[in-house]
Amino acid sequence: MRNAQEEEPPDPQLVRLDNMLLAEGVAGPEKGGGAAAAVSAATSSGGMSPDSSLEHSDYKSKLSQIRNIYHTELEKYEQACSEFTTHVMNLLREQSRTRPVSPREIERMVAIIHRKFSSIQTQLKQSTCEAVMILRSRFLDARRKRRNFSKQATEVLNEYFYSHLSNPYPSEEAKEELAKQCGITMSQVSNWFGNKRIRYKKNIGKFQEEANLYAMKTALGATQSEESPHTPNSTGSGSFSLSGSADCFLGVPPMNGEQPSYHMGAQDAPSRFSDRLYSTRESRTNGNWQEQNTPPSATSPGSDHSDNSD
DNA sequence: AAAGATGATTCCAC
DNA sequence: GTGGAATCATCTTT
């Protein structure tokens with residue numbers, strides 16, 4: 001009697017749903033006030049470019065729509081719950097005239113009712129979470145507002161890539177420098193190199209022309225080395241730019257309908273110590289970063305997957 | 001509109 | 001944490 005446990009045990013899943021709704025600003029105390037502010041602070045905490053403000057307002061309006069629905073539904077359920085509870089209580093009271101009704105029984109009935117309604121609420125919260133996630137993925141997914149890098153930026157990235165073709169894994173410092181030069185973030189540089197490596201390896205032939213182009217460009221720059229608009233700060237060993245003209249020709253050679261077996265390993269000149277200064281984990285992928293070169297259409301073509309899942 | 005190019009994300013192994 | 005691979009969603013070219 002004393003510790004009447006009408007409080008359900010804190011269902012961890014329900015707690016998670018509640019937390020998420022709170023974090024998304026859906027389950028905030030009042031609409032328009034703190035919740036919206038929290039959302040806008042969370043989604044646009046950095047510098048908000050005028051470009052994305054339109055989408056953000058769209059996002060916010062949709063989110064508040066969800067929030068309104070959520071709150072009205074929640075209220076409806078709560079009201080229905082209390083109504084139903086009082087109704088049952090009245091029934092029990094009436095029955096208590098004709099038969100003994102213990103207060104224990106009343107408590108139990110109330111608990112049952114509350115449990116039922118709270119499960120309904122949980123479902124509501126779940127579907128609300130789903131809606132929010134869909135909304136987020138639709139508006140906040142960076143893939144949806146992809147912009148190609150500037151011509152000059154890809155130029156810089158390609159120059160680095162093809163001049164370090166034997167080991168196209170820029171160090172942190174190199175990435176930073178590239179990011180600065182290209183006006184993109186470091187993770188974008190990482191993305192670019194990841195994509196470039198995999199796509200280059202997949203179809204070397206297609207990139208042959210490009211490789212030649214940049215090899216020649218870099219070679220010219222190495223021999224003449226007239227203009228170098230570098231920011232001369234970097235930590236005392238600015239190296240990455242035109243140090244490896246030897247690499248330039250690694251990508252060029254035997255292109256005559258044959259699959260070029262690339263540098264089998266021996267010729268990676270160890271004299272480029274300046275690169276090694278930077279590299280932290282390149283030893284893992286040193287040298288032949290693309291040894292197993294599967295020619296196109298080497299996969300099992302006819303095999304069905306029958307991988308069905310929703 | 002279809003095909004290709006490209007930046008970003010996700011899943012996995014290490 | 002990283003990078004490889006597959007994939008997605010968009011942009012660009014055809």
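Below, chain A is the first sequence line, B the second, and so on; all start at residue 1.
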Notebook entry, point to check: What integer distance in Å separates A:L157:CG from B:dG7:P?
Noted result: 8 Å
Margin query: Return whichever of A:R146 or A:I198 has its heavy-atom-nearest nucleotide of DNA chain C closer to the 5' end.
Written below: A:I198
Item checked: Passing option when A:R93 is tested against A:M89, A:Q95, A:R97 for side-chain contact (heavy atoms from CB on, under 4.5 Å) -> A:M89
Note to self: Is there a side-chain contact between A:Y169 and the phosphate of C:dG4, meaning an N or O under 4.0 Å from OP1 or OP2?
What the structure shows: yes
Checklist line | Options C:dA5, C:dC11, B:dG7, nucleotide nearest the side-chain atoms of A:T154 | finding: B:dG7
Next item on the list: Please confirm whether any donor atom in the side chain of A:R199 sits under 3.5 Å from an acceptor in the base of C:dG4, or the reverse.
Entry: no
Checklist line | Nucleotide C:dG3, atom P - distance to CG of A:N167 in whole Å | finding: 11 Å
Item checked: Pair A:K76 + A:E73, salt bridge at N-O below 4.0 Å -> yes
Check: Any donor-acceptor pair under 3.5 Å between the side chain of A:N195 and the base of B:dA8?
Finding: yes
Next item on the list: Consider the side chain of A:N148, meaning its heavy atoms from C-beta on, and name the nucleotide among C:dT12, C:dA5, B:dA5 that approaches it most closely.
Entry: C:dT12
Checklist line | Length of the line joining A:K196:NZ and B:dA5:C1', which is rounded to integer Å | finding: 10 Å
Next item on the list: May I ask you to say what A:F193 touches in the nucleic acid, namely base, sugar-phosphate or nothing, with a heavy-atom cut-off under 4.0 Å?
Entry: nothing
Notebook entry, point to check: Listed by chain and number, what are the side-chain hydrogen bond (donor to acceptor under 3.5 Å, both in side chains) partners of A:E155, not counting sequence neighbours?
Noted result: A:Y214, A:K217
Notebook entry, point to check: Are any of A:K175's side-chain N or O atoms less than 4.0 Å away from OP1 or OP2 of C:dG3?
Noted result: yes
Notebook entry, point to check: So, is A:N191 near the phosphate of B:dA8, with a side-chain N or O under 4.0 Å from OP1 or OP2?
Noted result: yes
Item checked: Any A:K202 side-chain nitrogen or oxygen under 4.0 Å from OP1 or OP2 of C:dG4 -> no
Next item on the list: Just jot down the side-chain hydrogen bond (donor to acceptor under 3.5 Å, both in side chains) partners of A:Q188, sequence neighbours excluded, or say none.
Entry: A:T185
Next item on the list: Please report, rounded to the nearest Å, how far the C1' atom of C:dT2 is from the CH2 atom of A:W192.
Entry: 18 Å
Check: Does OP1 or OP2 of C:dG4 have a side-chain N or O of A:R197 closer than 4.0 Å?
Finding: yes
Next item on the list: Tell me what A:K206 touches on the nucleic acid: a base, only sugar-phosphate, or nothing, going by heavy atoms under 4.0 Å.
Entry: sugar-phosphate
Next item on the list: Measure from CE on A:M186 to P on C:dG3 and round the result to the nearest Å.
Entry: 10 Å
Check: A:N203 CG to B:dG4 P: how many Å, rounded?
Finding: 12 Å
Check: Within less than 4.0 Å of OP1 or OP2 of B:dG7, is there a side-chain N or O belonging to A:Q188?
Finding: no
Next item on the list: If the plane angle is over 60° it's perpendicular, under 30° parallel, otherwise tilted; pick one for A:F193 and A:Y160.
Entry: perpendicular
Margin query: Rounded to whole Å, please give me the gap between CG in A:N158 and P in B:dT6.
Written below: 9 Å
